[in-house]
Structures are given as C-alpha cells and as structure tokens.
Amino acid sequence: MERQQHTTAHNTVSVNDTLISQVDAIGTDASTHDNATHKKPPYVSHQPDSHGYIHYRDDDNAMWQALLARQADQIPNRACSAYIEGLTKLNLPTTHIPQLSDIDEVLQSTTGWRTAAVPALISFSKFFKLLADKRFPVATFIRRFEDMDYIEEPDIFHEIVGHCPLLTHPAFATFNETYGKLGLNATKEERWFLARLYWFTIEFGLVGRRREDRRIYGGGILSSPSETIYALSDEPKNSPEYRAFDLLDVLRTPYRIDQIQPIYYVIDDLDTLFDIVDSDIMGVIKQARTLGLFQPTYPVKTS
C-alpha cells in the first residue's frame, strides 16, 4: 500500500505502491497495526491451467466443505435476507471449491459483475482498478485448519461466501464500483480514510435499525465462524458496541485486522449503501482529516 514502510501481520510494504496483500488493500490500518509478526508460512494462490481451470488439493476441498457446513448452521437468522437470497442464487457446491466461471455466470446475470483471480499479493492500485471495472478480486487459496475461525488474509472462502452473494444486490454492487473509482483518484492519505469506510461496511457492516431486526452483511463477519456468532451476541460481558452509521464517525474510527472487532456500524437497510455513494464522500474525508482519528477502543500494538 502506498504508505511509509512498516510491517503488517503478514508482509512488509513500502511507499512505492509495491505488491501488497488484498487485505491491506481493504484496510490494514497503519496508525494502529504496525510492527506485528507473523511467522506462519505465507499463503500462495493456486494458478489456473491452460483452460482456466484451477485444481485444488483434497485438503483444500475438505476445508471448504467444513467451513461451508459450519456456516450453514450459523448464517440463518444472522445474515441479512439479501445475502441469503444471493447465496441461494450462487448455489455453491458443498463438497469442493467452485470454479470462478460458475460464480461469474450468476453475477453477470444479476448485476454485471464478475470475479478476477488474483495472487495472494496484488497492488493497491490494481485492487481499486478491479472494483472500478466491476471485477471482484478473489485470491485462489483457502485457509489452513489452524486459521479456520479467523484469517487476516482474505482467502477464497472469504471472497466467495463472504462477499459474492451480496454482489447480486444492486446497492452492494454499486457501492463497490463507486469505491473503486474513488480509490483510483484518491491520494495516499485519502486512501487510508477510504479503507476505514470499506472496513466498517463491506467487511464488517451490520444492517437493521431495530436491534431485533439487526443482521450481518459484512463479508469479514460472514466468512468467520466465530465472528458470525459474536457480532450479534447478547452476552453482557462479551458483546460488541453497536453504533448507528455516520460517515464522518466511520472515517475517524481506527481498527485492527488481527482480532474480532469491538465496534460495528449499523445501516438502516442495504439501500443505505446507495445513499452513501451518492454523498460527498471525499468532502467528508477532508473533514475527517482535519478532526483526526478517535482514540482506539482496543490495546494499540507496540511490537
């Protein structure tokens, strides 16, 4: 990502817009998440053959099956209705990782989107360019068993199960396209503020004005078995903070990518995403830059 050099949880990046992981493109917050260590072997995307077919290993397909089965028990009554409808349209296989061409067929017929197979590392500019072109980047690897509950890097389960169902919804699709176009024209500092917007909507957003109607639409939650439960938890000592969506507040809220989120912003309904992209996002970013970030609600990493 275009920023001063620092080490994230999974790679080092520099000021030169070099290769970065897709999760950085969507929101590693340099102000609160630097100098972390990550000693696990890096994830590597599978490459398609000459016919565009990706051959996944048996253990990859077994992980897909286990994740999908677990989420099938948790998502009903937690995910928003538009997500459930999109999941039904995708008709994902339960025993193996789907080919992206099968996903594209559904997305093209609904909102005109398609996927784009990417390596585990892509440039910041490429991420925005893909979204602006209505192509959703999908890293073609799946998490290991030890990362089943939560993974910092966005794997194929995160992208396909977390995001693609809602890419069949016009408001969600339009938000992503507009976000990509804004990012292409943004400065380095403006991109940091845009990252916070993406984080608290597309990745970790909730929808529903009344608490009893509250549901999940953020893909970072819906692809995490543990966070799917936590995000709507009623446990007094282990429940998150819910805040009504306010664009200026969202842009000023720091976050960390390596833990379950302590704060969720809630929109009234999915069509609110239309209202957000119709607002003066870049103008509000200027206000946020002047006011500065809120104090974090979690321990700041120092090493």
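Below, each value reflects all heavy atoms present in this structure, side chains not excepted, and no hydrogens, waters or symmetry copies.
- The heavy-atom pair separating I160 from P165 by the smallest distance is O-CD, 3.0 Å.
- The closest side-chain donor-acceptor pair between Y179 and T201, if any, does not fall under 3.5 angstrom.
- Of the listed residues (H158, Q71, E203), just one forms a side chain to side chain donor-acceptor pair (under 3.5 Å) with S223, and that residue is H158.
- A cation-pi arrangement, defined by a distance under 6.0 Å to the six-membered ring centre and an angle within 45 degrees of its axis, is absent between R211 and Y242.
- Judged by the 6.0 Å and 45° rule, R78 forms no cation-pi pair with Y83.
- The heavy-atom pair separating F172 from L167 by the smallest distance is CD2-N, 3.7 Å.
- Between the T178 side chain and the F175 main chain, no donor and acceptor come within less than 3.5 Å of each other.
- The two residues V161 and L92 have their closest heavy-atom pair at CG2-CD1, 3.9 Å.
- With a 6.0 Å radius and a threshold of 12 heavy atoms from other residues, nucleotides or ligands, Q259 has its CD atom above the threshold.
- Between Y230 and Q261 the shortest side-chain heavy-atom distance does not fall below 4.5 Å.
- Looking only at distances, no side-chain donor or acceptor of R135 sits under 3.5 Å from a matching main-chain atom of R114.
- No side-chain donor from either of N176 and H163 sits under 3.5 Å from a side-chain acceptor of the other.
- One finds a salt bridge joining E177 and K181 here, because a Lys/Arg side-chain nitrogen approaches an Asp/Glu carboxylate oxygen to under 4.0 Å.
- Of all heavy-atom pairs spanning Y217 and C80, the tightest one is CB-SG, 3.9 Å.
- A pairwise comparison of heavy atoms in N61 and I97 identifies OD1-N, 2.9 Å as the closest pair.
- Within a 6.0 Å radius of CG in D280, other residues, nucleotides and ligands contribute more than 12 heavy atoms.
- The number of heavy-atom neighbours closer than 6.0 Å to CD of Q295, taken from other residues, nucleotides and ligands shown, is 12 or below.
- Looking only at distances, a side-chain donor or acceptor of R191 sits under 3.5 Å from a matching main-chain atom of G183.
- Between the side chains of D249 and Y265, no donor N or O sits under 3.5 Å from an acceptor N or O.
- Counting all heavy atoms, side chain and backbone alike, P296 lies closest to P254 at CA-CG, 3.8 Å.
- Salt-bridge formation is not detected for the pair D213/R209: no Lys NZ or Arg NE/NH1/NH2 atom is positioned less than 4.0 Å from an Asp or Glu carboxylate oxygen.
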> Where do L130 and F136 land on the side chain to side chain contact (heavy atoms under 4.5 Å, CB included) test, with the steps shown first?
Replying inline: CA-CA 6 Å; L130 287 171; F136 200 81; over 6 Å; no

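- Salt bridge R57/D59: present, at least one basic N to carboxylate O contact under 4.0 Å.
- Each of R214, E227, R243, E241 was evaluated against Y264; a single residue qualifies, E227, per the side chain to side chain donor-acceptor pair (under 3.5 Å) test.
- Using a 4.0 Å cut-off between charged side-chain N and carboxylate O, D149 and R70 make a salt bridge.
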